[in-house]
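So the structure is just underneath, and the comments pick up after that.
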Amino acid sequence: MSWQHRIAAALTERQQQQRFRQRSLLEQSRAGWLLHNGKHYRNFASNDYLGLSHDARLVQAWQQGAERYGVGAGASGHVTGYALPHAQLEAELADWLGYPCALLFNSGYAANQAAIGALAKAGDRILADKLSHASLLEAASLSPATLRRFAHNQPESLQRLLTPQEAGETLVVTEGVFSMDGDSAPLGALHQLTQQAGGWLLVDDAHGIGVQGEQGRGSCWQQGVRPELLIVTFGKAFGISGAALLCDNDTANYLLQFARHLIYSTAMPPAQAEALRAALQAVQQGDDLRQQLAANIARFRHGAAQLSLMLLPSSTAIQPLLVGEDSQALTLASRLRQRGCWVTAIRPPTVPPGTARLRLTLTASHTADDIDRLLEALYDAQSE
Ligand SMILES: *Cc1c(COP(=O)(O)O)cnc(C)c1O
C-alpha cells in the first residue's frame, strides 16, 4: 500500500459511513447570524455564547495592543515572547478565579495536552469521565499513565475505579459543562472522592467559563469547588482563542520546566493577551449578557417542551437534540438550513455511535424572534 492508497481508502470509508466532514466557507460569522453564499442564516452553532467575538471593546484593545506590541510575540515565552500583557492577564485570571497562578496557552487543546503530558508518569492512573473532550482523552491515552474511564457524571462509577493503590498518583479528569451534551459535572462529589484517594482533580471548563457562576467565573465557582487544576479556554464565551491553566505556584513552575507546549511553541501575541484582558472585563461586567442568554435558553426549552422535541436534559447554552442515526441528523440539519437556521449535525466519532444529534447553541446575541424561528423550523423539519 502506498500513502495515496491508504489516504484514499480512509476517505472512501468515511464517505460510506456518511461521516465525511467538510467545512463551510462563511463570508461572515457572528454569534447570532452568519452569511454563506450570500444568504443570511440564524447561527445556532457558535460557541461565542456572549457575542464577544465582535465586541467593539475587544477589537479596540486588540488594535491598541498591536500598535504597542506588534502583531506577534516573536518567540516562545521562555525566549523573548513573554510580555507585560501576558503577565497582567495571568495575574488577573488568577485573582479572579482564586488561584495563586495562571499560565497561558495558545489553545485549550494545547493546555490539556501540556498539563496531562507533563504531569502523568508511568504507574500513575488517569480516571476520566467517558464523555470528556477529545483533547483530554487523547492526552491521557498518549501518556504513560493508565487511562480508565468512568460512566458519564456518575461519581459511584468513579468510586469503583478508585481502589487503593500502592504507588503512583491519581488524576481525575472531567469537563465542567460537557461540550456535546450541555450537562454539568457533579464537581463536589467528584472532588471529594478524588481527595479521599489522595489524587488531584482536573476540570476543563471550556463551556462553563464566562457563562456559569457569579461574574461568569465558571462551573467550579458555581458549585463551590476548587479543583487542583482548572483549565479555562478563550475560544468560547471569551470570543477569542487561547487558554489558561489555573494551579498552585509549584505546579506552575513545574509546567514552565516540563510542558513542551510552553517551551517549544511561540507565545500568544501580546496584542491578543490585551484583547483577552478586555474580554475578561467584559465577562466580569457581563451580567446583562448572561441574563439575555438565560432568557433565550428558558424560551427555547419551554417552546421545545410544547413541541415534544427530544432535547437532552441541559440547562446551559448547549441544547442538543438527540436524533440517533447519522443520516437522519444530516437530513434534519439540511432541512433546518433550508429554513434559514444554521445548526451542526454531530456524529460519531465525536459522540458515541447511535447518538447522532443536532448540537444547538444559544447565545446572548439571539433575539426572542430568533428562538421562535428556530422552534418553528425544528417543528417543520421534523414533520416534513
Ligand atoms: C473547545 C474545547 C477545547 C479546545 O479548546 P481550544 O481552545 O478550542 O483548542 C478543550 N476542551 C473542551 C471541553 C472544549 O470544548
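Computed from heavy atoms alone, side chains included, the values below leave out hydrogens, waters and symmetry copies. Both ligands and their constituent atoms are indexed starting at 1 by order of listing. All residue numbers in this chain count up from 1 along the given sequence.
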(request) Run the numbers for me: atoms of ligand 1, each under 4.0 Å from some heavy atom of Tyr109, listed by number. (result) 4 (C), 5 (O), 6 (P), 9 (O)
(message) Once you restrict to heavy atoms under 4.0 Å, what part of Asn112 touches ligand 1? Side chain, backbone, both or neither.
(response) side chain
(message) Tell me every residue that passes side chain to side chain contact (heavy atoms under 4.5 Å, CB included) with Ala75, counting only those two or more places apart in sequence or in another chain.
(response) Val79, Thr80
(request) Would you mind listing which atoms of ligand 1 come within a distance below 4.0 Å of any non-hydrogen atom of Ser107? (result) 7 (O), 9 (O)
(request) Show which atoms of ligand 1 fall inside a sub-4.0 Å distance from at least one heavy-atom site of His207. (result) 14 (C), 15 (O)
(request) May I ask whether Ser241 places a heavy atom under 4.0 Å from ligand 1? (result) no
(request) Starting from atom 1 (C) of ligand 1, find the nearest protein heavy-atom neighbour and note its residue, name and distance. (result) Lys236 NZ, 1.4 Å
(message) So, using salt bridge (charged side-chain N to carboxylate O under 4.0 Å, His left out) as the criterion, who are the partners of Asp287 when residues are at least two apart?
(response) Arg290
(request) Would you check if Ile371 and Arg299 make a side-chain contact, meaning some heavy-atom pair closer than 4.5 Å? (result) yes
(request) Verify whether the ring centers belonging to His366 and Phe44 lie closer than 6.0 Å. (result) yes
(request) Within a distance under 4.0 Å of any heavy atom of Ser179, pick out the atoms of ligand 1 and give their elements. (result) 15 (O)
(request) Step through it carefully: locate the ring centre of His78, locate the ring centre of Tyr264, and say whether they are under 6.0 Å apart. (result) no
(request) Quick one: look up the protein heavy atom nearest atom 6 (P) of ligand 1 and list residue, atom name and how far away it is. (result) Gly108 N, 3.3 Å
